[in-house]
A.B. asks: 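Below you'll find the structure I mean.
What you see below is based on every heavy atom in this structure, not just the backbone, and it leaves out hydrogens, waters and symmetry mates. Values in this document were obtained by computation on a predicted structure and should not be read as measured data.
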Amino acid sequence: MVALSPDQAVGVDVERLKPRKQLVRLLKTGFMAGLETEDLAQFYQRWTLAEAVTKTEQGLLLEVLKRDSGAYETHARFRQQADCMLCCYTPTAHSNIHEVLQTDAGLVLETS
């Protein structure tokens, strides 16, 4: 997946929803704290957000996972399609990404 913007940094991630061997251990980290182990959709929203933030910052995933996710959630949009979760993240406070839509061409980010 590729996301481009002429005026802001943007990160995207897509993951297949599937049980993870290290799930309980991951839920103890800062970014994943407070999630329920049974809710794969909620887990993958946070996981794809962590990946999208990492890509936007061109940083390290393990460093992002140590942070609190609250500051990032309002700057992200999610779309679950079948057994996949998509996250698009921009660090700007007034992101112009409104929605992730499904079209005949695939998933499209609606912007203003």
Side-chain angles (χ1 to χ4, degrees):
M1 167 151 299
V2 175
L4 301 171
S5 172
D7 54 16
Q8 62 186 339
V10 62
V12 294
D13 190 53
V14 178
E15 297 282 340
R16 186 172 306 276
L17 280 67
K18 61 184 179 197
R20 298 183 67 110
K21 294 176 185 175
Q22 302 284 333
L23 183 61
V24 174
R25 186 177 64 80
L26 287 169
L27 294 178
K28 295 177 183 177
T29 65
F31 216 84
M32 301 297 180
L35 295 179
E36 298 294 325
T37 58
E38 302 84 31
D39 192 342
L40 279 181
Q42 188 181 41
F43 170 80
Y44 276 101
Q45 278 190 346
R46 291 264 185 95
W47 184 262
T48 57
L49 176 57
E51 292 269 10
V53 168
T54 301
K55 292 170 184 177
T56 301
E57 295 177 352
Q58 298 179 3
L60 299 173
L61 179 61
L62 292 178
E63 292 301 315
V64 172
L65 287 172
K66 293 176 185 176
R67 303 176 193 167
D68 182 346
S69 65
Y72 303 99
E73 292 174 358
T74 59
H75 302 279
R77 298 293 181 265
F78 301 95
R79 175 71 182 214
Q80 184 174 346
Q81 183 64 37
D83 64 344
C84 291
M85 181 67 68
L86 171 129
C87 174
C88 183
Y89 166 80
T90 59
T92 55
H94 301 289
S95 170
N96 63 353
I97 298 170
H98 296 291
E99 185 63 63
V100 181
L101 305 170
Q102 177 161 352
T103 69
D104 292 337
L107 297 177
V108 176
L109 302 177
E110 180 183 84
T111 62
S112 58

A.B. asks: Specify the closest pair of heavy atoms between Ala41 and Met85, including all atoms of both residues, with the distance to one decimal.
C.D. replies: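 Heavy-atom minimum between the residues: O-CE, 3.5 Å.
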
A.B. asks: Apply ring pair (Phe, Tyr, Trp, His ring centres under 6.0 Å) to the pair Phe78 and Tyr44, showing each step before the final yes or no.
C.D. replies: CA-CA 10 Å; Phe78 301 95; Tyr44 276 101; over 10 Å; no

A.B. asks: Which pair of non-hydrogen atoms, one from Pro19 and one from Leu40, has the smallest distance, and what is that distance?
C.D. replies: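 Minimum heavy-atom contact is N-CD1, 4.0 Å.
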
A.B. asks: Tell me, do Trp47 and Leu61 make a side-chain contact under 4.5 Å, heavy atoms counted?
C.D. replies: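 A side-chain contact exists here, since the closest heavy-atom pair is under 4.5 Å.
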
A.B. asks: In the structure I gave you, are the side-chain heavy atoms of Glu63 and Thr54 within less than 4.5 Å of one another anywhere?
C.D. replies: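 SC-SC contact between Glu63 and Thr54 ruled out.
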
A.B. asks: Do Glu51 and Tyr89 have side chains that get closer than 4.5 Å, going by heavy atoms?
C.D. replies: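 Sidechains of Tyr89 and Glu51: no contact.
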
A.B. asks: Kindly state each residue pair satisfying salt bridge (charged side-chain N to carboxylate O under 4.0 Å, His left out) with at least one member in residues 52-61, sequence neighbours excluded.
C.D. replies: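 Only Asp13-Lys55, Glu57-Arg67 qualify under salt bridge (charged side-chain N to carboxylate O under 4.0 Å, His left out).
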
A.B. asks: Answer yes if the side chains of Thr48 and Glu15 hold a donor-acceptor pair under 3.5 Å, and no otherwise.
C.D. replies: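 The answer is no; no qualifying pair exists.
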
A.B. asks: Using 0.5 Å steps for rounding, measure from the OG atom of Ser69 to the CE atom of Met32.
C.D. replies: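 Going from OG on Ser69 over to CE on Met32, the span is 8.0 Å.
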
A.B. asks: Flag yes if Leu62 and Val64 sit in one hydrophobic cluster, no otherwise; membership is Ile, Leu, Val, Met, Phe, Trp, Tyr, and two members link when side-chain heavy atoms are under 4.5 Å apart.
C.D. replies: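 Both belong to a single hydrophobic cluster.
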
A.B. asks: Got a sec, which residues hit side-chain hydrogen bond (donor to acceptor under 3.5 Å, both in side chains) with Asp83, two or more places apart in sequence or on another chain?
C.D. replies: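 Only Arg16 meet the side-chain hydrogen bond (donor to acceptor under 3.5 Å, both in side chains) criterion with Asp83.
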
A.B. asks: Might you point out which heavy atoms bring Leu49 and Ala76 nearest each other, and give the distance in Å?
C.D. replies: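 Shortest heavy-atom contact: CD1-CB, 3.6 Å.
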
A.B. asks: If you compare all heavy atoms of Cys87 against all heavy atoms of Ala52, which two are closest, and at what distance to 0.1 Å?
C.D. replies: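 Smallest heavy-atom distance, with atoms named: SG-CB, 4.1 Å.
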
A.B. asks: Would you confirm whether Arg46, through its side chain, and Phe31, through its main-chain N or O, come within 3.5 Å as a donor-acceptor pair?
C.D. replies: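 Indeed, once roles are kept as given, a pair shorter than 3.5 Å links the two residues.
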
A.B. asks: Closest approach of Gly11 and Thr56, non-hydrogen atoms and distance?
C.D. replies: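 Taking every non-hydrogen atom into account, N-OG1, 3.0 Å.
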
A.B. asks: Sequence neighbours left out, what passes salt bridge (Lys or Arg N to Asp or Glu O under 4.0 Å) with Lys18? Give chain and number order.
C.D. replies: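 Checked Lys18 against salt bridge (Lys or Arg N to Asp or Glu O under 4.0 Å); zero matches.
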
